[in-house]
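Throughout, protein chains are lettered first and strands after them, A, B, ... in sequence-line order, and every chain is numbered starting at 1.
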Amino acid sequence: TVGAVALDGDGRLAAATSTGGFNNKPAGRVGDTPVIGAGTYARNGVCAVSCTGQGEVFMRRVAAYDVVARMSYAGQTLRQATDALVLDMLSSHRIGAGLVAVDAAGNVAMPFNTLGMARGWIAADGRLRVATHK
Amino acid sequence: MPSPVIAIHGGCGTLAADLQSAADWAETRAHLAAALRAAWRILAAGGAALDAVEAAVVVLEDSPHFNAGHGAALTEDAVHELDASIMDGATMAAGAVCTVRTIRNPVRAARAVMERSDCVLLAGAAADAFAQAHGLACVGNGYFTTERRVQALAALKARAARGTIALASEAERHG
């Protein structure tokens with residue numbers, strides 16, 4: 001699975017995700033990636049989220065939207081909301097999970113509970129960074 | 001107004017070092033950087049976040065190193081069924097496709113669904129036909145196949161035949 005989140009100079013937020021699913025998956029199986037609110041979500045003024053991991057749990061937990069809800073209704077920061085989702089909630093299901101998210105102020109969060117996640121970001125300083133492991 | 005930002009992922013998992021050669025790891029990182037640059041060119045020129053995320057995902061779909069587009073995992077029937085979505089936080093518009101088999105860049109089809117249909121999600125052969133009707137690049141299903149995925153499927157099926165699939169690693173299961 002691959003994904004991207006962005007904040008532009010006019011303050012607009014967007015998210016996109018794309019996947020092949022998983023090795024040997026049943027024909028017709030669909031995971032969280034194409035389900036808005038599960039694998040992908042964006043709301044101006046709050047944040048944009050793109051998820052990766054075992055999709056069934058992300059769907060049942062409406063994971064991408066959960067980040068937006070935690071920030072909108074519980075006043076959590078991006079970091080608090082994404083860590084709670086990935087490191088607490090999804091980890092309790094004992095599944096591999098990760099996401100990238102950016103909020104309206106340009107803060108970036110990229111938590112994952114596996115040994116690695118291929119990821120990259122360019123923030124306000126304009127510096128390009130790429131990483132694969134912790 | 002805030003400074004632009006782009007962040008991307010290429011999937012999470014064991015990312016075991018022995019799963020790829022050093023050259024493959026280097027190319028994986030190079031393709032991540034290329035995806036960031038494709039998005040940054042848009043953002044730095046005052047472009048929209050929506051265009052930036054689409055551009056970044058297209059680069060990753062075209063890379064053989066990620067489980068999306070070219071390089072995607074194989075189903076139990078040894079074919080590719082791909083899923084993608086996109087969402088514009090400014091308008092709350094969204095588009096998605098699932099179980100498509102012939103769309104070279106599924107994220108572009110997701111955007112077409114968002115902008116040129118009344119739907120949010122289109123599925124299967126109808127989504128493939130929608131993409132073709134809207135002039136998106138279409139390919140044979142084999143375009144998405146890489147040797148690495150063929151071997152991964154064969155390894156998991158061999159485990160199933162031996163009755164040891166429960167011992168399969170995360171990497172074997174998900175790739």
Side-chain angles (χ1 to χ4, degrees), chain A residues 1-28 30-31 33-34 36 39-44 48 50 52-53 96-100 102 104-106 108 110 112 114-124 128 130 132-133, chain B residues 1-15 28-29 32-33 36 39-40 43 46 48-50 52-54 56-57 60-61 66-69 72-73 75-77 80-90 94 96-99 106-107 120-121 152-153 156 170 173-175:
Chain A
T1 303
V2 302
V5 292
L7 169 70
D8 65 32
D10 292 329
R12 293 169 297 189
L13 288 161
T17 314
S18 182
T19 190
F22 61 81
N23 187 22
N24 196 35
K25 70 177 178 180
V30 176
T33 293
I36 299 299
T40 303
Y41 203 76
R43 180 188 292 174
N44 262 30
S50 172
T52 176
L99 64 83
V100 294
V102 61
V108 173
M110 297 178 283
F112 54 95
T114 52
L115 290 180
M117 178 167 79
R119 61 201 186 281
W121 65 106
I122 302 177
L128 184 150
V130 160
T132 52
H133 293 75
Chain B
M1 271 299 159
S3 301
V5 172
I6 177 73
I8 63 175
H9 68 78
C12 68
T14 54
L15 298 185
T28 296
R29 288 169 174 269
L32 287 169
L36 289 170
W40 194 251
L43 294 170
L50 190 68
V53 295
E54 180 186 6
V57 170
L60 298 174
E61 285 176 338
F66 304 104
N67 177 18
T75 69
E76 62 186 354
D77 300 333
H80 299 279
E81 293 185 343
L82 309 176
D83 308 329
S85 63
I86 192 167
M87 185 163 188
D88 181 350
V97 293
C98 66
T99 64
V107 73
V120 171
L121 173 59
L153 180 63
L156 209 53
E170 184 81 8
R173 273 180 215 280
H174 290 92

*State whether the side chain of A/K25 and the backbone N or O of B/E81 hold a donor-acceptor pair below 3.5 Å, judged by distance alone.*
yes
_A/V30 vs B/T99, side-chain contact (heavy atoms from CB on, under 4.5 Å): CA-CA, chis, key distance, verdict_ = CA-CA 7 Å; A/V30 176; B/T99 64; 3.5 Å; yes
*Identify the heavy atoms of A/V108 and B/A7 that sit nearest to each other, and give their distance.*
CG1-CB, 3.9 Å
*asked:* Using heavy-atom distances under 4.5 Å, tell me whether A/V130 contacts chain B through its side chain, its backbone, both, or neither.
replied: both
_chain A contact via B/A52 - side chain, backbone, both or neither, heavy atoms under 4.5 Å_ = side chain
*Roughly how far, to the nearest 0.5 Å, is the CG atom of B/L43 from the CG atom of A/D10?*
10.5 Å
*asked:* Looking at B/G46, is its backbone amide N or carbonyl O close enough to the side chain of A/D8 to form a donor-acceptor pair, meaning the two atoms are under 3.5 Å apart?
replied: no
*Hey, are the side chains of A/T17 and B/V57 touching, using non-hydrogen atoms and a 4.5 Å cut-off?*
no
*May I ask you to name which of A/A124, A/G39, A/G9 has the most heavy-atom pairs under 4.5 Å with chain B?*
A/G9
*Residue part contacting chain A, namely of B/V97, when any heavy atom lies under 4.5 Å*: backbone
*asked:* I'd like to verify something: which residue of B/A72, B/A90, B/S3 has the highest number of heavy-atom pairs under 4.5 Å with chain A?
replied: B/A90
*Answer with side chain, backbone, both or neither: which region of A/V102 has an atom nearer than 4.5 Å to a non-hydrogen atom of chain B?*
side chain
*A/I122 versus chain B, the contacting section by heavy-atom distance below 4.5 Å*: both
*Pick from B/A56, B/C98, B/A39: which one has the most heavy-atom pairs with chain A under 4.5 Å?*
B/C98
*asked:* Looking at every non-hydrogen atom in both residues, tell me the closest pair between A/A16 and B/V53 and how far apart they are.
replied: CB-CG2, 3.9 Å
_Expected output: side-chain B/E76 to main-chain A/A27 donor-acceptor under 3.5 Å_ = yes
*If you take all heavy atoms of B/L82 and A/G20, which pair is closest and at what distance?*
CD2-CA, 3.8 Å
*Are B/L50 and A/R12 close enough that some pair of their side-chain heavy atoms sits under 4.5 Å apart?*
no
*Mind listing the closest non-hydrogen atom pair of B/A49 and A/A6 along with its distance?*
CB-O, 3.6 Å
*Look up atom CD1 in B/I8 and atom CE in A/M110, then write down how far apart they are to the nearest 0.5 Å.*
9.5 Å
*For A/A48, is it the side chain, the backbone, both or neither that has a heavy atom under 4.5 Å from a heavy atom of chain B?*
neither
*Identify the heavy atoms of B/P2 and A/G11 that sit nearest to each other, and give their distance.*
CG-CA, 4.0 Å
_Heavy-atom pair count under 4.5 Å with chain B, highest-scoring of A/G98, A/A42, A/A104_ = A/A42
_Looking at every non-hydrogen atom in both residues, tell me the closest pair between A/F112 and B/C12 and how far apart they are._
CB-CB, 4.5 Å
*Do you know which of B/T28, B/L36, B/I86 has the most heavy-atom pairs with chain A at a distance under 4.5 angstrom?*
B/L36
*Please confirm whether the backbone N or O of A/T33 pairs with a side-chain atom of B/S85, one donor and one acceptor, at under 3.5 Å?*
yes
